[in-house]
Amino acid sequence: MTEELDLTGQDSDAGSEEVVLTPAELIERLEQAWMNEKFAPELLESKSEIVECVMEQLDHMEENLRRAKKGDLKVSIHRMEMERIRYVLSSYLRCRLMKIEKFFPHILEKEKTPHEGELSSLSPEELVFAKQYMANTETYLKNVALKHMPPNLQTVDLLRSVPKPDLDSYVFLRVKERQENILVEPETDEQRDYVIDLEEGSQHLIRYKTIAPLVASGAVQLI
């Protein structure tokens, strides 16, 4: 596991860029994406490039193990590491699917009208899943409940019926890059907005929407 891998990513200040990662760095990127996805209240940007590279790396590791000598202790150690990586990968993808199922109307609405410079939250496969899930939900509601209702009640607005992600919830984070002049909204009407600096390596409990852009840029890590 010493070869380098090419990963094409998106940079907020430029277009696409090619990043060369070692397998260890690739797994670290996956673990960071997994932790952020687990603790963020909203669906984050899709890391499909990382997922694809990790799956390719797992196939490469499996092929190497087939050629290894039977009974070699290194084989058992590498298999344990592969199972750990598979767990992180499946947990990451499962967490994203759960959020799509929970917030699908809002996620699809956001995909229709993205803000300038905003990257898609869904991979192509996730977009297909979200659309199918919404269509199946609407069909189920019509067949099971709505058709038995009075005509004026046979429609439902899923955007209003399904709760939005709670961006006001609090999250724990570790600062990876020092940040200055972060505007914090007041907790009560008596308080005023105030500004804080986030020192590298420090940990904080803070409202998610305050630091959401820093999560997206990688400047902070949710924990």
Given the rule that I, L, V, M, F, W and Y join up when any side-chain heavy atoms are under 4.5 Å apart, are [X] and [Y] in one cluster?
{"X": "Leu44", "Y": "Ile211", "value": "yes"}
{"X": "Tyr87", "Y": "Val51", "value": "yes"}
{"X": "Val184", "Y": "Leu222", "value": "yes"}
{"X": "Leu167", "Y": "Val171", "value": "yes"}
{"X": "Leu198", "Y": "Phe39", "value": "yes"}

### Query
Phe104: what forms a ring-ring contact (aromatic ring centres under 6.0 Å, His included) with it, not counting sequence neighbours?
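Expected list: Tyr133.
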For [Y], is there an ion pair with [X] - N to carboxylate O distance below 4.0 angstrom?
{"X": "Lys176", "Y": "Glu200", "result": "no"}
{"X": "Glu42", "Y": "Lys99", "result": "no"}
{"X": "Glu83", "Y": "Arg79", "result": "no"}

Name all residues meeting the salt bridge (charged side-chain N to carboxylate O under 4.0 Å, His left out) criterion together with [X]; count only those two or more places apart in sequence or in a different chain, and write none if there are none.
{"X": "Asp166", "value": "none"}
{"X": "Arg160", "value": "none"}
{"X": "Lys209", "value": "Asp168, Glu185"}

### Query
Excluding sequence neighbours, so at least two apart, what forms side-chain contact (heavy atoms from CB on, under 4.5 Å) with Val144?
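Residues passing side-chain contact (heavy atoms from CB on, under 4.5 Å) with Val144: Tyr140.
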### Task
Could you list the residues that satisfy side-chain contact (heavy atoms from CB on, under 4.5 Å) with Asn136, not counting sequence neighbours?
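Not a single residue meets the side-chain contact (heavy atoms from CB on, under 4.5 Å) criterion with Asn136.
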When rounded to the nearest 0.5 angstrom, what is the spacing between [atom1] in [X] and [atom2] in [Y]?
{"X": "Leu58", "Y": "Met61", "atom1": "CG", "atom2": "CE", "value": "6.5 Å"}
{"X": "Arg96", "Y": "Leu43", "atom1": "CZ", "atom2": "CG", "value": "4.0 Å"}
{"X": "Met82", "Y": "Asn64", "atom1": "CE", "atom2": "CG", "value": "9.5 Å"}
{"X": "Arg84", "Y": "Glu31", "atom1": "CZ", "atom2": "CD", "value": "4.5 Å"}
{"X": "Thr137", "Y": "Gln132", "atom1": "OG1", "atom2": "CD", "value": "11.5 Å"}
{"X": "Arg29", "Y": "Ile50", "atom1": "CZ", "atom2": "CD1", "value": "6.0 Å"}

Polar side-chain atom of [X] near backbone of [Y] as donor-acceptor pair, under 3.5 Å:
{"X": "Gln221", "Y": "Gln32", "result": "yes"}
{"X": "Glu28", "Y": "Glu25", "result": "no"}
{"X": "His60", "Y": "Met55", "result": "no"}

### Query
Does any non-hydrogen side-chain atom of Glu63 lie less than 4.5 Å from one of Asp59?
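A side-chain contact under 4.5 Å is absent here.
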### Query
Any side-chain heavy atom of Arg174 sitting closer than 4.5 Å to one from Gln203?
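Yes, close enough: below the 4.5 Å cut-off.
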### Task
Carefully, step by step, assess Ile206 and Ile196 under the rule side-chain contact (heavy atoms from CB on, under 4.5 Å).
CA-CA 11 Å; Ile206 196 168; Ile196 62 173; 4.1 Å; yes
Grab the two heavy atoms, one from [X] and one from [Y], that are nearest each other, plus how far apart they are.
{"X": "Ala130", "Y": "Ile100", "answer": "CB-CG2, 3.7 Å"}
{"X": "Thr210", "Y": "Leu183", "answer": "CG2-O, 3.3 Å"}
{"X": "Ser91", "Y": "Trp34", "answer": "OG-NE1, 2.8 Å"}
{"X": "Pro41", "Y": "Pro165", "answer": "O-CB, 3.5 Å"}
{"X": "Lys131", "Y": "Leu108", "answer": "CG-CD2, 4.0 Å"}
{"X": "Tyr208", "Y": "Ala40", "answer": "CE1-CB, 3.9 Å"}

### Message
Going by side-chain contact (heavy atoms from CB on, under 4.5 Å), Ile182 matches just one of Val220, Val195, Leu214. Which one?
### Response
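When Val220, Val195, Leu214 are each tested with Ile182, the side-chain contact (heavy atoms from CB on, under 4.5 Å) holds only for Leu214.
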### Reference residue Tyr92; test side-chain contact (heavy atoms from CB on, under 4.5 Å); the match among Lys47, Lys38, Met35
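Answer after filtering Lys47, Lys38, Met35: Lys47.
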### OH/Tyr170: more than 12 non-hydrogen atoms of other groups inside 6.0 Å
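More than 12 heavy atoms, drawn from other residues, nucleotides or ligands, come within 6.0 Å of this atom.
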### Leu158 vs Leu141, side-chain contact (heavy atoms from CB on, under 4.5 Å): CA-CA, chis, key distance, verdict
CA-CA 11 Å; Leu158 292 176; Leu141 287 173; 4.1 Å; yes
### Task
Evaluate side-chain contact (heavy atoms from CB on, under 4.5 Å) for Arg178 paired with Asp197, printing each intermediate quantity in order.
CA-CA 8 Å; Arg178 188 177 189 276; Asp197 294 337; 3.8 Å; yes
### Task
Report the C-alpha separation of His204 and Ser202 in whole Å, then their side-chain angles, then the decisive distance to 0.1 Å, and conclude whether the side-chain hydrogen bond (donor to acceptor under 3.5 Å, both in side chains) test is met.
CA-CA 7 Å; His204 305 268; Ser202 61; 2.8 Å; yes
### Query
Are a donor atom and an acceptor atom from the side chains of Ser120 and Glu45 found within less than 3.5 Å of each other?
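No pair is found: no donor N or O on one side chain lies under 3.5 Å from an acceptor on the other.
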### Message
Between His106 and Lys110, does the side-chain contact (heavy atoms from CB on, under 4.5 Å) criterion hold? Intermediate values first, please.
### Response
CA-CA 6 Å; His106 307 287; Lys110 184 179 178 182; over 6 Å; no
